[in-house]
Amino acid sequence: MKNTLKLMVLLLVCNFGYSQIYYSNYLDATSEWKIINRDTNAGFQNFRYETLFFDGFENIGGYIYYKMFRTYYYIGYEYDYSSVIYPQSSNFTEFVGYFREDNTGKFFMKYDVNSSDIVYFDNQLLLNTQLGDNYFLHYDGLTNQYCSTSTINSMLISGLNSKMIFSGTDILSGGSALEGVGMIFNDCFTPMSIDNNGGMYSRIHCYTKQGQSYTFYNNYHLPNFVLVDCNTFPIANRQGLSTLTYENSSFKIFPNPANTIVNITSNNKNINEITLSDMQGRILKTIEVNNINTQLDISNYQTGTYLITIKNDYGTSNSKLIIE
């Protein structure tokens with residue numbers, strides 16, 4: 001099992017402009033979590049199947065955050081799952097909050113621009129956990145609040161050999177958590193035993209990154225053989241990275257796709273700065289501008305998809321650029 005030093009070696013630290021800080025070790029713009037949420041209410045099982053995903057960036061207080069959204073639908077079953085009470089709803093997409101990671105291995109969430117960071121998941125805490133350490137919650141009343149880590153394993157996620165811990169012996173025997181992904185299931189009881197009872201729970205069924213899906217509950221059946229797998233969840237309704245941070249800020253980038261020169265214009269305030277980055281957040285080029293029009297030479301960059309960050313006094317725009 002790798003140690004903390006190996007983790008930190010893999011950490012990429014990038015600066016957007018003078019004061020914008022961006023860390024990328026576990027996450028990138030392709031990260032998606034497929035999550036099932038259940039709430040037993042009024043004698044039936046109310047399920048929300050959701051896909052959490054990133055779509056765009058925001059600079060808040062000098063840190064670059066992903067904009068997190070979710071696409072989801074509802075379906076309701078009889079308490080014993082014998083039939084459907086209300087059919088699958090239409091898909092909905094909503095903004096969840098701002099999400100980032102830092103150089104200590106913490107994932108942070110902000111629900112709006114002015115709210116404080118909340119620790120969403122602490123990868124370092126997971127890396128430090130040893131056999132017998134209390135880690136998972138135990139919903140058995142007031143007798144035991146936590147249960148301990150019983151098994152330590154690993155899983156290969158996008159080339160990173162990630163630590164995985166269980167309160168039982170495997171994913172189906174209790175709680176589980178995975179480095180770089182989060183809390184798969186935070187309960188000491190088995191998922192199957194929870195499925196047969198009331199109450200609320202949330203668990204990650206699948207995680208996707210760079211086009212590769214990782215399944216934690218392959219062909220999982222709720223009672224009465226209600227199948228849940230990666231295909232159960234909705235496709236992320238991505239709006240693209242061209243949404244501007246502020247309504248008063250309006251930029252044009254053309255041609256796009258391009259292969260030698262890109263023209264960038266602002267229809268109001270002068271452009272202050274332009275940054276070209278790859279899709280993992282690594283800065284490739286930064287130029288200072290004091291005009292409403294400028295050009296960016298991209299002739300030395302390989303074919304692919306890049307990110308252009310444009311700043312003026314009104315705000316920041318993050319847009320995709322395709323180099324042919």
Checklist entry - Would one find more than 12 heavy atoms of other residues, nucleotides or ligands at under 6.0 Å from atom CD1 of Ile235? => result no
Item to check | Phe57 and Tyr66 aromatic centres sub-6.0 Å | outcome: yes
Item to check | Modelled atom types, side-chain donor and acceptor of Asn293 and Thr265, under 3.5 Å | outcome: no
Next on the checklist: Let's go through Leu126 and Ile165 carefully: what are the C-alpha distance in whole Å and the side-chain angles of both, what is the deciding distance for side chain to side chain contact (heavy atoms under 4.5 Å, CB included) to 0.1 Å, and is it a yes or a no?
Outcome noted: CA-CA 8 Å; Leu126 172 60; Ile165 64 174; 3.3 Å; yes
Next on the checklist: Please check: side-chain N/O of Lys34 versus main-chain N/O of Thr232, any donor-acceptor pairing under 3.5 Å?
Outcome noted: no
Checklist entry - Judged by atom type as modelled, is there a donor-acceptor pair below 3.5 Å linking the side chain of Arg238 to the main-chain atoms of Phe54? => result yes
Checklist outcome for this item: The side-chain hydrogen bond (donor to acceptor under 3.5 Å, both in side chains) partners of Ser150 (sequence neighbours excluded) come to none
Next on the checklist: Please evaluate residues Ile85 and Tyr77 with respect to the criterion side chain to side chain contact (heavy atoms under 4.5 Å, CB included), reporting the C-alpha separation (whole Å), side-chain torsions for both, the decisive distance (0.1 Å), and the verdict.
Outcome noted: CA-CA 5 Å; Ile85 290 182; Tyr77 303 100; over 6 Å; no
Checklist entry - Does Arg203 pair with Asp187 as a salt bridge, N-O distance under 4.0 Å? => result no
Checklist entry - Do Ser299 and Thr260 have a side chain donor and acceptor closer than 3.5 Å? => result no
Item to check | Set of residues satisfying ring pair (Phe, Tyr, Trp, His ring centres under 6.0 Å) with respect to Tyr301, sequence neighbours excluded | outcome: none
Item to check | Side chain proximity check, Tyr217 to Ile184, heavy atoms < 4.5 angstrom | outcome: yes
Checklist entry - Is it the case that Thr294 and Asn291 place a side-chain donor and acceptor less than 3.5 Å from each other? => result no
Next on the checklist: Looking at Tyr201, I'd like to know if the NZ or CZ of Arg38 sits under 6.0 Å from its six-membered ring centre while staying within 45 degrees of the ring's axis.
Outcome noted: no
Checklist entry - Any side-chain heavy atom of Phe47 sitting closer than 4.5 Å to one from Val228? => result no
Checklist entry - Are any side-chain N or O atoms of Glu101 and backbone N or O atoms of Tyr26, one a donor and one an acceptor, separated by less than 3.5 Å? => result yes
Next on the checklist: Under a 3.5 Å threshold, yes or no: a donor from one side chain and an acceptor from the other, between Gln210 and Asp28?
Outcome noted: yes
Checklist entry - Do Tyr72 and Tyr74 have ring centres separated by under 6.0 Å? => result yes
